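Proteins come first, then strands; the chains are lettered A, B, ... in the order of their sequence lines, and each starts at number 1. The model shown is predicted, which means the values in this text are computed figures rather than measured ones. Reckoned from all heavy atoms, side chains included, excluding hydrogens, waters and symmetry mates.
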Amino acid sequence: MTQKTWTNLFAEIWATENYGVSASTGKEVMVEYSSPNTNKPLHLGHLRNNFLGWSVSEILKANGHTVHKVQIINDRGIHICKSMVAWTKFGEGETPDSSGKKGDKLVGDYYVKFDQEYKKQIAELVEGGMEKAEAEKQAPIMKEAQEMLLKWEKKDPDTYALWEKMNGWVYKGFDATYNQMGVDFDKLYYESQTFLLGKEEVEKGLESGIFFKKDDGSVWVDLTEEGLDEKLLLRADGTSVYMTQDIGTAILRYRDYPKISQQIYTVGNEQEYHFKVLFMILDKLGYDWAKGCYHLSYGMVDLPSGKMKSREGTVVDADELMDEMIDTAREHTEELGKIDGFSKEQAAELYETLGLGALKYFLLKVDPKKRMLFDPNESIQFQGNTGPFIQYTHARIAAILRKAEQLNFTPQEEDFNKLETLQPVELSLIHLLKDYPAKVKEAGDNYSPDIVAQYVYDLAKEYNRFYQEISIFNEEDETALRFRIALSGKVAEVIKKAMGLIGANVPDRM
RNA sequence: GGUUCCGUAGCUCAACUGGAUAGAGCAACUGCCUUCUAAGCAGUAGGUUCGGGGUUCGAGUCCCUGCGGGAUCACCA
């Protein structure tokens with residue numbers, strides 16, 4: 001390519017509004033990216049899940065699709081009954097207000113309390129000579145939880161009221177966490193509102209011979225021809241299982257949004273088998289949209305000690321982690337002493353931008369399919385291939401643009417044609433800018449925010465080289481000077497957009 | 001055991017889907033702040049891409065096999 005071709009290319013990029021954002025394709029998709037249980041707070045695993053799904057949603061929007069972000073809340077079942085039982089027995093009326101605890105944390109504490117009590121009772125029964133397996137069934141507190149679930153299914157008023165109260169606490173807690181995370185949903189689905197539809201569908205499938213009933217009354221689907229196994233859909237007592245609910249939820253969603261051509265489930269890879277089966281069943285039921293269902297499967301987040309285990313207390317709490325990140329950002333910033341003239345509010349905002357930017361970039365720069373290691377002590381840096389490095393690059397450019405405005409250097413498109421020579425680093429920046437739309441497309445096609453993350457790092461890194469090599473305002477040729485301001489401006493714009501796709505803000509000063 | 005995913009520098013990750021000399025960051029070492037923000041830049045060192053076969057003009061990438069690790073195969077969700 002000749003010099004002229006490059007300058008023309010840049011002129012074109014420079015003049016493009018919404019660079020890297022495609023025109024509407026008319027395609028409409030749904031992305032589910034959070035599916036919490038209401039018995040415990042969100043943790044690091046949820047962070048990867050939610051950031052990933054949120055980012056994929058934004059990337060798909062940039063690719064011209066209409067996206068509906070949804071959540072499925074596992075608000076019913078034995079897990080929440082355990083918290084309810086423990087609270088009733090030991091809670092002494094404790095509420096988030098009375099204790100000052102966040103609602104999801106409080107309910108989580110009672111879930112732990114239940115487990116402790118349960119273990120104690122098992123130990124006592126075993127002591128008395130009972131087999132362990134039998135003790136697990138006979139422990140009084142477990143029986144209480146099961147009774148409570150039955151009461152709930154019968155809509156016993158007291159049980160229902162307690163269930164609503166405790167779930168309400170949890171939702172308030174979740175809202176605070178989601179708000180801090182900077183993620184949002186267009187619609188919420190609750191399993192308590194979808195499992196009945198799932199049951200109906202299973203009944204229908206039974207009538208039409210797609211499913212079959214065993215002697216004990218339980219309903220199954222036979223997937224042996226597809227190389228899988230038989231799978232339970234309704235228990236002998238008629239109650240639903242996980243699969244039943246998911247069938248109902250999927251169908252309800254297509255009723256709510258008839259135009260969607262694809263439904264994306266952002267769920268960990270431990271559930272690959274489940275979704276394979278779910279999509280097969282939906283297909284068997286005759287829903288042709290089942291072919292458009294996709295399980296966006298991501299790898300687990302491991303700690304140096306191995307897998308996170310809530311029972312062993314090795315879970316990294318989402319709220320605590322975000323607080324720590326913001327705190328670390330504050331420490332770094334204060335050490336560097338670069339925020340003269342910042343108000344308290346501005347400083348706080350910056351710490352949040354940096355802390356969350358570091359966290360999101362860290363979790364999203366890795367291929368979602370792969371499991372990743374998170375070392376709380378040293379994983380998240382602020383130098384090198386990190387969010388703050390990219391944010392810093394943006395702040396540097398912002399400073400240049402401020403100065404350019406002060407000095408009245410306003411780039412004009414005709415400047416670019418008059419350029420004598422381009423430096424290698426300038427060529428390579430134009431080259432990188434040119435790649436941006438293709439990267440957004442690739443990231444969308446592969447549901448991989450890491451492609452955007454990797455790209456924006458490369459761009460920032462190259463810009464820093466440019467920044468070091470070329471002193472913009474010492475340039476005597478004003479045409480070249482204005483071109484470099486335009487180039488810097490466009491780089492800043494793309495950095496901001498790309499970081500926006502992974503949910504990270506960029507500051508003008510830091 | 002069946003199915004499936006993975007194994008790349010001491011550590012954490014890339015490698016345009018089969019192309020040229022496998023690249024970044026962290027950690028280590030050496031330089032660079034009277035010049036637009038040093039959260040930066042330049043450089044040194046670090047590799048039998050887990051082992052062994054095969055396909056191909058060409059393999060980190062595809063096939064077979066061995067070893068090591070994860071996930072899953074629930075009347076849990």
Any strand counts, and the cut-off is 3.5 Å on both contacts for Watson-Crick or G-U wobble. Which nucleotide pairs with [N]?
N: B:rG68; value: B:rC6
N: B:rC29; value: B:rG43
N: B:rU48; value: none
N: B:rU21; value: none
N: B:rG1; value: B:rC73
N: B:rU56; value: none

[atom1] spacing across the pair [N] / [M], given as an integer number of angstrom:
N: B:rC41; M: B:rG47; atom1: C1'; value: 26 Å
N: B:rU56; M: B:rC64; atom1: C1'; value: 16 Å
N: B:rA38; M: B:rG51; atom1: C1'; value: 45 Å
N: B:rU8; M: B:rC62; atom1: P; value: 15 Å
N: B:rC63; M: B:rG23; atom1: C1'; value: 27 Å
N: B:rC6; M: B:rU49; atom1: C1'; value: 14 Å
N: B:rG46; M: B:rC5; atom1: P; value: 36 Å
N: B:rA15; M: B:rG68; atom1: P; value: 28 Å

So [X], base contact, sugar-phosphate only, or nothing? Heavy-atom distance under 4.0 Å.
X: A:Tyr457; value: sugar-phosphate
X: A:Asn446; value: base
X: A:Ser297; value: nothing
X: A:Ile78; value: nothing
X: A:Gln391; value: nothing
X: A:Phe389; value: sugar-phosphate
X: A:Asp508; value: base
X: A:Asp367; value: sugar-phosphate
X: A:Arg509; value: base
X: A:Phe382; value: base
X: A:Ile470; value: base
X: A:Lys403; value: sugar-phosphate

Return the 5'-most residue of the pair A:Met300, A:Pro388 with respect to RNA chain B, ranking by each residue's nearest nucleotide.
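Between the two, 5'-proximity favours A:Pro388.
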
Select from A:Gln454 and A:Gln468 the residue whose nearest nucleotide in RNA chain B is closer to the 5' end of that strand.
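That would be A:Gln454.
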
Atom-to-atom span, [atom1] of [X] to [atom2] of [N] - whole angstrom:
X: A:Leu232; N: B:rC76; atom1: CG; atom2: P; value: 8 Å
X: A:Asp229; N: B:rC75; atom1: CG; atom2: C1'; value: 14 Å
X: A:Ile397; N: B:rG40; atom1: CD1; atom2: P; value: 15 Å
X: A:Ile495; N: B:rA39; atom1: CD1; atom2: P; value: 16 Å
X: A:Glu469; N: B:rU35; atom1: CD; atom2: C1'; value: 16 Å
X: A:Phe212; N: B:rC75; atom1: CZ; atom2: P; value: 12 Å
X: A:Tyr298; N: B:rC13; atom1: OH; atom2: C1'; value: 20 Å
X: A:Leu303; N: B:rG70; atom1: CG; atom2: C1'; value: 15 Å

Decide if the gap between the ring center of [X] and the ring center of [Y] is smaller than 6.0 angstrom.
X: A:Phe409; Y: A:Phe483; result: no
X: A:Tyr111; Y: A:Phe114; result: no
X: A:Phe275; Y: A:Tyr294; result: no

Could you tell me whether the phosphate oxygens of [N], OP1 or OP2, come under 4.0 Å of any side-chain nitrogen or oxygen in [X]?
X: A:Lys461; N: B:rG25; value: yes
X: A:Lys370; N: B:rA14; value: yes
X: A:Arg396; N: B:rA38; value: yes
X: A:Arg235; N: B:rA77; value: yes
X: A:Tyr392; N: B:rA39; value: yes

Between [options], which nucleotide has the shortest distance from any of its atoms to the side chain of [X]?
X: A:Met510; options: B:rA39, B:rU12, B:rC73; result: B:rA39
X: A:Val366; options: B:rU37, B:rC75, B:rC13; result: B:rC13
X: A:Ser471; options: B:rU35, B:rC75, B:rA39; result: B:rU35
X: A:Gln383; options: B:rC26, B:rG70, B:rU72; result: B:rC26
X: A:Arg465; options: B:rG25, B:rC41, B:rU4; result: B:rC41

Could you check whether [X] pairs with [Y] (Lys NZ or Arg NE/NH1/NH2 to Asp/Glu carboxylate O, under 4.0 Å)?
X: A:Asp327; Y: A:Arg330; answer: yes
X: A:Asp222; Y: A:Lys231; answer: no
X: A:Lys490; Y: A:Glu493; answer: yes
X: A:Asp450; Y: A:Lys365; answer: no
X: A:Glu230; Y: A:Lys214; answer: yes

Is it the case that B:rA39 (base atoms only) and A:Thr386 (side chain only) share a donor and an acceptor within less than 3.5 Å, ignoring hydrogens and angles?
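Such a pair does not exist between side chain and base.
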
Quick check on A:Glu270: does its CD atom have over 12 non-hydrogen neighbours (other residues, nucleotides or ligands) under 6.0 Å away?
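Counting other residues, nucleotides and ligands, CD of A:Glu270 exceeds 12 neighbours.
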
